[in-house]
Amino acid sequence: MELLLPLFLNGVVNGAHYALLAMGFGMIFATTGVVHFAYGPVYAVAAYLTWWSVTVLSLPFLVAMGVGIVGCAVVGMASYVLLYRWFLRNDSPPFIILVVSLGLLMLITNLIGVAFGTNAKTVNDVTYGFYFIGSAVVTGVQLWQVLALVVVGLGLAAFMKWTAYGSYIRAMQDNMLMAKIVGINTERVSLVVFGIGSGISGIAASLILVKEGALPHMGFLAVFYAFLAAVVGGLGSLPGAVAGGLILGLVESLGVWRVSSDWQTTIAFGVLFIVLIWRPTGLWKGY
Amino acid sequence: MINNAILKVLDVSVDHGNRRVVDSISFDVLRNKILLVLGHNGAGKTTLVRSIFGLHPIAAGEVQYNDKPITNRSTEENVKNGFSFVPQGHGVFRSLTVEENLMLGTTHVSEQKKIRERLETVRELFPILSERRAQKAGTMSGGQQQMLAIGIALMQGPDLLVLDEPTIGLAPRLVNQVVESVVKIKETLGLSVVIVEQNIQASLPVADGVVILKTGRKVYDGAPAPLADHNKLMEYF
């Protein structure tokens, strides 16, 4: 039983990470209709830029994190402008755009490998504390991960509710044709959404860099979990992304209480199947 | 000489893939008048008005708005310049409230005074929207959603309003209510209106001019009076 608390806390921390990823991924899909699998390597770009800023430029971690976030937001926006926009303008079928995003995933992943090498990159100069919660130990980075989810979640909710661009995004998620009819510049809003969605993944990437380091293929698993959490929670829903991420994190973590950790991915898919049979559109709808 | 046409459609053709669905159609929309566009299902009415508004590319021909070419201009530019469109099938944002829907009609309006005035006008025309302003649009009846769709367009402050089958799917009582609203809007706000319809009975009496399409071609362009004779009307269908 004494394992339960650490497993629970680990589940919350991993869930917060998945939820952050799901927020950005779900926002991009629900607004633009693009299943942006290249979201994974774009997330990896942030980790590598943060690492490069810390180790090569000797920037303080928070500044380096900013470089990573802005850098991956720019890469995300570039992927929309240079690639997806053309296919969307030409009314390409969704599966064509899906194939394009998979191609982009491979391309960016390989470019990262070519630019930075395939060995793991770590930042050792970032110091953080250790905290006891009952019998469990939690690191400062893990607390940052949970805090990042809270801050980004509340900030995004306020943005969606109170700003003009937030209402345009909600309008596009509801009815793309009507959004065009009322005169919303849907391409400009899509660009902003790619920037925000990718930027959110950059926050998660910078924190995972401190915790686990960076590898060129780190984006594969990240986009996989982002996709799962977003679908379980309800694509495009902010509370859904949080719920989906936390459910995945908790089930996955608590699952290894009784079974081998080799089963973690299987458990995640099991959760997806159960939720989708129960609620085919995910747990949540709307903001 | 004063040109009385707010919109001129000159030999416009539209394709769907390799198929021509609208073929060399021309007509004028006169200021402060209601033009009725009729035709059976698949005649090309919706494709034509969507293309004129910028939602579908025009393959050939020209569209002029206030004597300036607007062929294939973006919907955003059209809305900014006083050209609004209400799509077929209750064009609303179902998950947003009535108030949020109306405010999305003011995407290009920065003056708060104008927004307040337009909101007041819409609420006077459709008092139900005022009562239901916090309600999600998707939970309202079909007739109320249609009023909201027209309300969104009016919030844009248009000079020209194009309505694509505004009475489709509505109960007969609501059909008359919607048509009466359109006439009231034209008269009180001085708008020019294009109504695309299949419901001839309700819309013909309020029209100032009629264009009839048949399989993508124009087969009638003139006054509504001769079409009051059912046999004459059926010649064009």
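Keep in mind it's a predicted model, so treat the numbers as computed, not measured. The chains referred to below are lettered A, B, ... by the order of the sequence lines, with proteins before strands, and numbering in each begins at 1.
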ask   = Based on non-hydrogen pairs under 4.5 Å, which of B:Asn78, B:Val79, B:Asn101 is most in contact with chain A?
value = B:Val79

ask   = Out of B:Gly54, B:Ser74, B:Pro87, which one racks up the most heavy-atom pairs below 4.5 Å with chain A?
value =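 Looking at each option in turn, the highest pair count goes to B:Pro87.
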
note = Contact list (residues 177-191 of chain A to chain B, heavy-atom gap under 4.5 Å, by number) returns A:Leu177, A:Met178, A:Ala179, A:Lys180, A:Ile181, A:Val182, A:Gly183, A:Ile184, A:Asn185, A:Arg188

query = What distance do B:Met103 atom CE and A:Ser167 atom OG have between them, rounded to the nearest 0.5 Å?
reply = 9.0 Å

request  = Would you mind listing every side chain to side chain donor-acceptor pair (under 3.5 Å) that reaches into residues 15-25 of chain A, with sequence neighbours excluded?
outcome  =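 Listed once each, the pairs are A:His17-A:Tyr43, A:Tyr18-A:Glu252.
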
message = With side chain to side chain donor-acceptor pair (under 3.5 Å) as the rule and sequence neighbours excluded, what pairs involving residues 152-163 of chain A come up?
response =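 For residues 152-163 of chain A, and leaving out neighbouring residues, there are no side chain to side chain donor-acceptor pair (under 3.5 Å) pairs at all.
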
inquiry  = Report which part of A:Ala164 has an atom under 4.5 Å of a heavy atom belonging to chain B: side chain, backbone, both, or neither.
reply    = neither

query = Which answer fits B:Leu55, side chain, backbone, both or neither, if we ask what part of it has an atom under 4.5 Å from a heavy atom of chain A?
reply = side chain

query = Between the main-chain N or O of B:Phe93 and the side-chain N or O of A:Asn175, is there a donor-acceptor pair closer than 3.5 Å?
reply =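 No; judged by distance alone, with no hydrogens or angles, the pair does not exist.
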
query = Quick check: are there more than 12 heavy atoms from other residues, nucleotides or ligands sitting under 6.0 Å from NZ of B:Lys136?
reply =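 Counting other residues, nucleotides and ligands, NZ of B:Lys136 stays at 12 neighbours or fewer.
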
request  = Inspect the surroundings of NZ in B:Lys33 and state if more than 12 heavy atoms from other residues, nucleotides or ligands are less than 6.0 Å away.
outcome  =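 For B:Lys33, atom NZ is not crowded (no more than 12 foreign heavy atoms under 6.0 Å).
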
message = At under 4.5 Å between heavy atoms, what parts of residues 143-158 of chain B are in contact with chain A? List them by residue number.
response =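 Result: B:Ile152, B:Gln156.
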
